[in-house]
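Worksheet for the structure shown next.
We name chains A, B, ... by the order of the sequence lines, and we start the count at 1 in each one.
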Amino acid sequence: MRIRIKQALNSDEPKKNIQVMGWVRTKRQSKGFCFLEINDGSNLKNLQVIVDEGIPGYENVDEVNTGASVSISGDLVPSPGKGQTWELKASEILLIGVADPETYPLQKKRHSDEFLRSIAHLRPRTNKYGALNRIRSEMSFAVHRYFHDLGFNYIHTPILTGSDCEGAGEMFQVTALDLDSLAANGKKVNFEQDFFGKKAHLTVSGQLSAENMACALGDVYTFGPTFRAENSNTPKHVAEFWMIEPEMAFADLTDNMALAQDLIKKMIIHVRRECPDDMDLFYRFVDKELEARLDNIIDNDFVRLPYTEAISILQKTGQKFEFPVEYGLDLQTEHERFLCEKHFNRPVIIYNYPKGIKPFYMRVNDDNETVAAMDVLVPGVGELVGGSQREERLNVLVDRIVETGLSRDDYWWYIDLRRFGTVPHSGFGLGFERLLMLTTGVTNIRDVIMFPRTPKVLEF
RNA sequence: UCCCCGGUAGCUCAAUUGGCAGAGCGGGUGGCUGUUAACCACUAGGUUGGCGGUUCGAGUCCGUCCCGGGGAGCCA
């Protein structure tokens, strides 16, 4: 009977006649027998297999090299050696697929992240990237369970959008037109002849749709791919990423901040509980301070800091900054890092920003100067969450749309929400890859997503 | 997109002032009856990122392009 290696290693007792299938991580050969370490992806640890000369399949053992796939039958027995409780005493070994050692790129040694990125199709076979992807899977599951338990409805918002001005950055344009032949003819593009009869783009956020659903189902969330065509070349940006976007009816900015804090804490707690071995790898080999940092995040409330107070702190400190600190200007990375990593040394939620530096849909506060916006900043990663209470007053919203130079006609359905039974509501976007960076201590976003999409890179 | 740093064997890196291109790991071959980053011996492996220039001579200097890393902007 085939069992997963995780199950074999966690066994309470010897097992007769089991079968495992997986990939060879290392081979240590002696005369007359050899040791194999097999990994099937079910957990971080390998199963040590002892293969004696003479068993069926031993004649192929010279070809059973690092990277090869095998099926092995035998008995799970206590291991006399150090380093593992159980080992598999093989009675038969079947070579499924060879991996030529002269060309197989993964060696039984440590590789640099840069090199592994160039073989992204094989890197999940390493300890670190295997662990990372199991953590990613477990955290995705945790997102759904968290919101489900809170009574949120999981909704699916469109990926193709007709609105080219959602205000969250450059968008990828999508077309079914034959651009090559249009260019060859020197013709001007007529988007009325395109698939949708108008310009189409990939979504930069499900927020506007989610607001509509929240104002019917109460509490909703999306968790899906999001696209930004920004020419960003940084360790924190990719062109395609996954975003968690909750949206709550009858909720204000305070509720919003509370949800963001609770979500982040619960995700980290969940993964630490469910993936202890995988997390241990990151504590030991990726970031020695990770465990303490996660403790600190879980054990403390996030700082709630109005924008004006943030400015005041930054102006009073003796710290020199490259960029000016002044009311009305957006905070620079150096300012955010100072507040989060030095001054408070824990996550900081900055809220009530001047309305001039925030988008039209954020609710204008009573001072008529600021909007009910919030950003969650976390150590090492920076901005993890951006959100706001939404403007629910019809006239204020329309004024803001016009004021910021947008067309009210494009948003007629969004505006309608404020005409018919409008309610205070709030939500935010949380970058899933950035949450993974925070949780694992990995410092480059390209290493927490399987095949990262970045400017000039569309490999794999 | 801008600024800084880098690109040498499959991988990680050396190479003095411009003067014979090297090591460790990995690979191959042989040895070894309990290994676990296995061990011991031997061995192969190079268009020094591409193109052009300076020079008697370029891994090294100059120009340019490509790629990677770090920082900045934009943001999740």
Rounded distance in Å between the C1' positions of B:C4 and B:U8: 22 Å
When you compare B:G7 with B:A14, how far apart are their C1' atoms, in angstrom units rounded to a whole number? 15 Å
Of all the nucleotides listed ([options]), which has the minimum atom distance to the side chain of [X]?
| X | options | value |
| --- | --- | --- |
| A:K89 | B:C11, B:G34, B:G27 | B:G34 |
| A:S232 | B:G34, B:U12, B:C74 | B:C74 |
| A:E383 | B:C32, B:A72, B:A76 | B:A76 |
| A:S79 | B:U35, B:C75, B:C32 | B:U35 |
| A:F241 | B:G34, B:U12, B:A76 | B:A76 |
| A:E230 | B:A72, B:C74, B:G27 | B:C74 |

Less than 3.5 Å between a donor and an acceptor, one on the side chain of [X] and one on the base of [N], is that the case here?
| X | N | value |
| --- | --- | --- |
| A:H111 | B:C11 | no |
| A:E114 | B:G7 | no |
| A:D52 | B:U33 | no |
| A:Q48 | B:U35 | yes |
| A:Q107 | B:G10 | yes |
| A:R434 | B:C75 | yes |

Verify whether one side chain among A:Y351 and A:N365 offers a donor that lies under 3.5 Å from an acceptor in the other. no
So what does [X] touch, heavy atoms closer than 4.0 Å: a base, only the sugar-phosphate, or nothing?
| X | value |
| --- | --- |
| A:P235 | sugar-phosphate |
| A:E53 | nothing |
| A:F33 | sugar-phosphate |
| A:V457 | sugar-phosphate |
| A:S112 | sugar-phosphate |
| A:P105 | nothing |
| A:T333 | sugar-phosphate |

Does B:U1 pair with anything, Watson-Crick or G-U wobble, both distances under 3.5 Å, and if so, with which nucleotide? B:A72
According to a cutoff of under 5.5 Å between the ring centres and under 30° between the ring planes, does A:F432 stack with the base of B:A76? no
For A:Q84 and for A:I445, locate the closest nucleotide of RNA chain B by heavy-atom distance; then report the residue assigned to the nucleotide nearer the 5' terminus. A:Q84
Between A:K358 and A:D375, does at least one N-O distance fall below 4.0 Å, as a salt bridge requires? yes
